[in-house]
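So that the names make sense, note that chain A is the first sequence line, chain B the second, and so on, each numbered from 1.
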Amino acid sequence: MADVFPFQEIETKWQARWDELFRCDTSRTADKYYCLMMFPYPSGDLHVGHGRNYIIGDALARFKMMDGANVLAPMGWDSFGLPAENAAIKNEIHPREWTERNIAAMKRQFYRWGVIYDWSREVTSCFPEYYRWTQWIFVRLFKAGLAYREEASVNWCPSCKTVLANEQVAGGVCERCGSTVYLKKLAQWFFRIRKYADRLLDDLDKLPNWPERVRVMQRNWIGRSEGVEVSFLLEGMDERLECFTTRVDTIYGATFIAIAADHPLSAELLERGGRAAEGKEFLQMVRELQVQEREKAEFTKEGFFTGCYAANPANGRRVPVYLASYVLMEYGTGVVMGVPAHDQRDFEFVRRSPIDIDVVQVISPDGAQSPGLSEAYTGDGRLINSEAFDGLDNRIGMAHITARLAEKGLARPVVHFRLKDWLISRQRYWGAPIPMVHCRKCGVVPVKEEDLPVILPENVDFHPRGDGKSPLATVAGFVETACPVCGGPAERDTDTMDTFVDSSWYFLRYLSPRDSSRPFDSSLVNAWLPVDQYVGGIEHAILHLMYSRFIVKFLHDEGLVSFDEPFRNLFTQGMIHRNGAKMSKSKGNVVNPVPLIDKYGADTVRIYTLFIGPPEKDAEWSDRAMEGAYRFVNRVWRLYANHREILQGAFGEESIDPEILDEDRLKLYRAVQVTIERVTGDIFARGFQFNTAISALMELTNEMYLFIEQNEAFKRRDPGATSLFRDAMKNLLLLLAPIAPHLCEEIWERMGSGTTIFSRKLPKANSRYLKSGTYTLVVQVNGKIRSRIEAEKDTPREKLSELALADDKIRKFIGEGKIIKVIVIPESLVNIVVK
RNA sequence: GCGAGAGUGGCGGAACUGGCAUACGCGCUGGACUUAGGAUCCAGUGAGGAAACUCGUGGGGGUUCAAAUCCCCCCUCUCGCACCA
């Protein structure tokens, strides 16, 4: 009967003891390592996909501890938000209670994985002692002119009955519930993130250790675009139409103007052009198209002639002004100069136009005008049909044309961004109240900092009202207040904040989580941030990371923190898939880790999860492959269990002189050195490659079994051999401990150690023994392997060449051929080139 | 369409600087022990071939003594963005 690792008996014991281990003394900063996991939304059901995130973080924290770092690994809860409210409405339970229950369940879950944090620093964003400071940040932003209220067309989800940020609308539908979103005009709060657009873009270069794809996504999201604003004078009106273009070099090809249907001038233009009646229909149609159709790939370019004309400022050409569905009011100026010859969209529009619009080619790829275009030519070339600029390279012409128009006051260089200001107000209950007061006399004024927090009332009918107002509007005791400025009767703002505001600064709070006098301790935060390693999912590549960067830059500008980027290193782990889809409750393909931990133990689940593939890549879950990890755990356990006597005290130093070991023992000694090198390299140098580190540890284990079974000296219990085995076991446990902590702690203790294995340092390899004394030299003839020869390390090149040429098999292959060249790669191969 | 990543045995994957392709694990085949095996251990396991050998990292070309790795062209998949003027 084989001995089995009794994980059920020992797991909880260690999980309780490790609390102490993870408690961080933040006054020690010299060797600090801030290891941060993205704090979760407490949805209550963690599956193995979430597990991967936390297991990676936990293993990393433990490796860093054993690397000698003072590790800060805190955890908290991003606990405001819609799901709590929805669940509460459905189950008739208060969102706070629902949230707290889930937090308790998830905390238990973390422990069961052996995933430990410094819980003395736990933060919960829905508690007043936390959101007080979220409100404080809001007030600071307001005072700095970076929070403002504006009537805006906002995305309205009819099912969630709330406003959504642009980021929460995907393909015209609500990201959360899938309902079709439409536009609604409401007064909303915004943060002026656009003011930071340039810095958010430029400083991406300060983050070389972020995944390239995250930086690209942020860059695209900010969408900086340099161009020129050109004025087209409207015929018979004292008005100009400002067009934003990045291709002013094509202006001589501009043969129409297209403006957005919701442009403020559109109605007036239709009136002037005498087409108001039919135009109205068109406007209505575009409005209906807007949110839904616009998102679809097959969006057609509908247009309507206003009856008005404008003058092309370059050549005075009279061009018709169209309303066009493909022009977006939100980008640029909402007016586009139509250059069908050199813009594919304009080209397609002209094809559909009921009246003729000229297609004038002004750039020629080869310097000669080509006869007719089947699609727009968007490349570079020489300018033609461009009067004084003919013959110029178009890129050079661009500067000249801009200068000429600018002289006449008809153009100016501008920069546009796709990034929009951050809409942060929500008409929902479960969020941090916006700390503003509406006073008839004083206007909209912030609550005094000393009066924060504005407490979210408990007894509220939090069912959404659907009238564009938050449920808080029904709570008289909440709404009615005194104006902080004049003291007169006033009303509180009843909106709550987007939860991304809560999560944009939580990593600062962990350093002083119970401080009731300020949001964070500047000196501690300056010592501990930027975060050394941030670990989380790719789904937060844009929003959370962008908002956190913005808030930190703001706090930096306020002189409250000394750094201006929050996260120095970012690691985004891959998602776990099952049956070809990413694991999610809605897909019904989630795997509950609890039964697996019950059956195989936490360490097996950890090993399998880390062994499944490179942590940054998506992986397919398979219960069956769990067996391999389970076998490995038990193989390590039996290594101890079958040699208890030999391994007593094996946590200490063994006196091994590798110089006097025979070849058999040297082989094991070398295997240990190689494993140390590989595991530490895989984790630290190569970026958390737990999968290959585990392979290396499996190989060492296999090597140890070979030694036990085959080494005669070991079978005799010869002290020279057992000492070597003890040393191998010690190193195996030290390297495996961060990955399979329960197993290694338990064996460590049973071997007689009174202190935790995590107080020990990771071993260092004896670099002189990473390679063996002899190696197999591969001999090729014309690049094909023809023989293998055992060779001594450090054999000179000439000698290797001689050895290879003297080999019988090789001589046979060379035969009558003429040797042209012999390539010798020492320690590896010889290639003989024969003709 | 643009951007990023990927394509290697039956499967997950390894191969770090161009130098032994398929480490490690799963699965499978055979064997040992056994009343039994969903335990454990041993052996085997890219394809073809009796063998010598030949072929083999999505496809095609190239560079090189040598290519999974570098270059060019193409195909497929995943993710992100998508009328951004």
Side-chain angles (χ1 to χ4, degrees), chain A residues 1-4 170-171 211-217 219-221 223-225 227-228 243-248 250 258 260 294-301 324-328 330-339 343-346 348-349 416-418 538-539 541-542 574-575 577 580 582 607-608 611-614 616-622 624-629 631-632 634-635 638 678 681-682 685-686 689 691-699 701-702 705 709 775-785 788 820-825 827-834:
Chain A
M1 180 62 194
D3 205 341
V4 173
E212 182 57 21
R213 94 173 142 144
V214 173
R215 286 163 50 197
V216 168
M217 280 160 81
R219 213 169 276 138
N220 291 344
W221 196 261
R224 187 189 148 99
S225 163
V228 179
C243 301
F244 176 67
T245 177
T246 54
R247 291 296 304 273
V248 74
T250 65
R294 181 166 277 189
E295 301 283 346
K296 291 184 185 158
E298 307 276 309
F299 189 76
T300 52
K301 294 170 179 59
S325 61
Y326 73 100
V327 178
L328 310 171
E330 307 88 81
Y331 187 78
T333 58
V335 184
V336 171
M337 66 178 203
V339 185
D343 184 290
Q344 188 59 27
R345 293 156 303 185
D346 297 344
E348 284 166 23
F349 180 74
H416 276 289
F417 293 94
R418 296 172 66 181
I538 188 72
E539 67 274 18
I542 298 177
M575 290 189 191
H577 292 229
K582 75 178 170 193
I607 288 169
Y608 172 69
F611 191 58
I612 193 168
E616 70 279 8
K617 288 200 189 133
D618 291 351
E620 177 76 17
W621 183 265
S622 137
R624 213 202 244 172
M626 189 73 71
E627 296 286 344
R631 267 175 223 157
F632 174 60
N634 282 308
R635 267 168 80 77
R638 285 196 308 275
R678 280 174 63 187
D682 283 348
R686 297 183 58 206
Q689 299 298 298
N691 54 329
T692 49
I694 292 168
S695 310
L697 291 164
M698 287 171 166
E699 284 178 65
T701 306
N702 293 345
Y705 270 98
E709 282 151 22
Y775 63 92
T776 307
L777 179 76
V778 170
V779 186
Q780 301 179 326
V781 176
N782 290 338
K784 290 205 157 83
I785 299 160
R788 290 165 206 270
I820 311 247
K821 209 198 272 190
V822 179
I823 287 121
V824 181
I825 311 292
E827 319 265 293
S828 175
L829 61 71
V830 172
N831 187 11
I832 301 161
V833 186
V834 176

On a heavy-atom basis, which atom in [X] and which in [Y] lie closest, and how many Å separate them?
| X | Y | answer |
| --- | --- | --- |
| A:V248 | A:M337 | CA-CE, 4.3 Å |
| A:M698 | A:F611 | SD-CZ, 3.9 Å |
| A:V335 | A:V327 | N-CG1, 4.3 Å |
| A:N634 | A:D3 | OD1-O, 4.5 Å |
| A:T246 | A:S225 | CG2-OG, 3.3 Å |

With sugar-phosphate meaning primed atoms plus P, OP1 and OP2, does [X] contact a base, only sugar-phosphate, or nothing at under 4.0 Å between heavy atoms?
| X | result |
| --- | --- |
| A:E627 | nothing |
| A:R635 | sugar-phosphate |
| A:N702 | sugar-phosphate |

So, taking the atom named [atom1] in [X] and the one named [atom2] in [Y], what distance separates them when rounded to the nearest 0.5 Å?
| X | Y | atom1 | atom2 | result |
| --- | --- | --- | --- | --- |
| A:R788 | A:Q780 | CZ | CD | 10.0 Å |
| A:M626 | A:I612 | CE | CD1 | 8.5 Å |
| A:I607 | A:I694 | CD1 | CD1 | 6.0 Å |

Residues two or more places apart in sequence or in another chain: which of them pass side chain to side chain donor-acceptor pair (under 3.5 Å) with [X]?
| X | value |
| --- | --- |
| A:E348 | A:K301, A:Q344 |
| A:D618 | A:H577 |
| A:E699 | A:R678 |
| A:R686 | A:D682 |

Nearest-Å distance, [atom1] ([X]) to [atom2] ([N])?
| X | N | atom1 | atom2 | value |
| --- | --- | --- | --- | --- |
| A:M626 | B:C26 | CE | C1' | 12 Å |
| A:M698 | B:G25 | CE | P | 6 Å |
| A:E709 | B:C41 | CD | P | 9 Å |
| A:R631 | B:C26 | CZ | C1' | 8 Å |
| A:E348 | B:G1 | CD | P | 13 Å |
| A:E616 | B:G5 | CD | P | 12 Å |
| A:L328 | B:A82 | CG | P | 11 Å |
| A:M217 | B:A82 | CE | C1' | 13 Å |

Check your understanding: If you take atom types as modelled and just measure distance, does the side chain of A:R788 reach the base of B:C20 with a donor-acceptor pair under 3.5 Å?
Key -> yes
Between the protein and nucleotides 54-56 of chain B, list the N/O to N/O atom pairs that are separated by less than 3.5 angstrom.
from  : atom 1 : to     : atom 2 : distance (Å)
B:U54 : OP1    : A:R786 : NH2    : 3.1
B:U54 : OP2    : A:R786 : NH1    : 3.2

With the side chain of [X] defined as its heavy atoms from C-beta on, choose the nearest nucleotide among [options].
| X | options | result |
| --- | --- | --- |
| A:T246 | B:C79, B:A85, B:G80 | B:A85 |
| A:S225 | B:A85, B:C41, B:C20 | B:A85 |
| A:R418 | B:C81, B:G19, B:U40 | B:C81 |
| A:F244 | B:C41, B:G19, B:A85 | B:A85 |
| A:W221 | B:C24, B:C81, B:C26 | B:C81 |
| A:I785 | B:G25, B:A85, B:C20 | B:C20 |
| A:R638 | B:U40, B:G19, B:A85 | B:U40 |

Rounded [atom1] spacing from [N] to [M] in Å:
| N | M | atom1 | value |
| --- | --- | --- | --- |
| B:G13 | B:C65 | C1' | 31 Å |
| B:C2 | B:U54 | C1' | 45 Å |
| B:U78 | B:C41 | P | 40 Å |
| B:A68 | B:A23 | C1' | 15 Å |
| B:U45 | B:A21 | P | 16 Å |
| B:C55 | B:G59 | P | 15 Å |
| B:C53 | B:G60 | C1' | 27 Å |

Restricting both atoms to N or O, compile the protein contacts to nucleotides 28-36 of chain B shorter than 3.5 Å, with distance only.
none

Exercise for review: Could you verify whether a donor N or O on one side chain and an acceptor N or O on the other, from A:R418 and A:N220, lie under 3.5 Å apart?
Suggested key: no
Check your understanding: Can you tell me which stems RNA chain B forms when a stem means 3 or more consecutive Watson-Crick or G-U pairs under 3.5 Å?
Key -> B:1-7 with B:75-81, B:10-12 with B:24-26, B:27-32 with B:40-45, B:46-48 with B:53-55, B:58-62 with B:70-74
Study note, to complete from the structure: Taken in chain and number order and not counting sequence neighbours, the residues that satisfy ring-ring contact (aromatic ring centres under 6.0 Å, His included) with A:F244 are A:H416
Check your understanding: What residues, two or more places apart in sequence or in another chain, satisfy ring-ring contact (aromatic ring centres under 6.0 Å, His included) together with A:F632?
Key -> none
Practice item. Using a 4.0 Å heavy-atom cut-off, write out nucleotides 6-16 of chain B from 5' to 3' as B (base contacted by protein), S (sugar-phosphate only) or - (no contact). Key: ------BSSS-
Point to revise | Any donor-acceptor pair under 3.5 Å from A:S828 side chain to A:I825 backbone | key: no
Check your understanding: A:Y608 side chain to A:G628 main-chain N or O, any donor-acceptor pair under 3.5 Å?
Key -> no
Review point. A:S828 side chain N/O closer than 4.0 Å to the phosphate oxygens (OP1, OP2) of B:C20?
Key: no
Grab the N/O contacts between the protein and nucleotides 64-66 of chain B below 3.5 Å, and write none if there aren't any.
from  : atom 1 : to     : atom 2 : distance (Å)
B:C65 : OP1    : A:K821 : NZ     : 3.4
B:C65 : O2'    : A:N831 : ND2    : 3.1
B:C65 : O2     : A:N831 : ND2    : 2.7

Review point. Is atom CZ of A:R213 surrounded by more than 12 heavy atoms (other residues, nucleotides or ligands) closer than 6.0 Å?
Key: no
Point to revise | With A:D346 via salt bridge (Lys or Arg N to Asp or Glu O under 4.0 Å) - residues at least two apart | key: none
Check your understanding: In terms of base orientation, is B:G25 syn or anti, with the syn window spanning 90° either side of 0?
Key -> anti
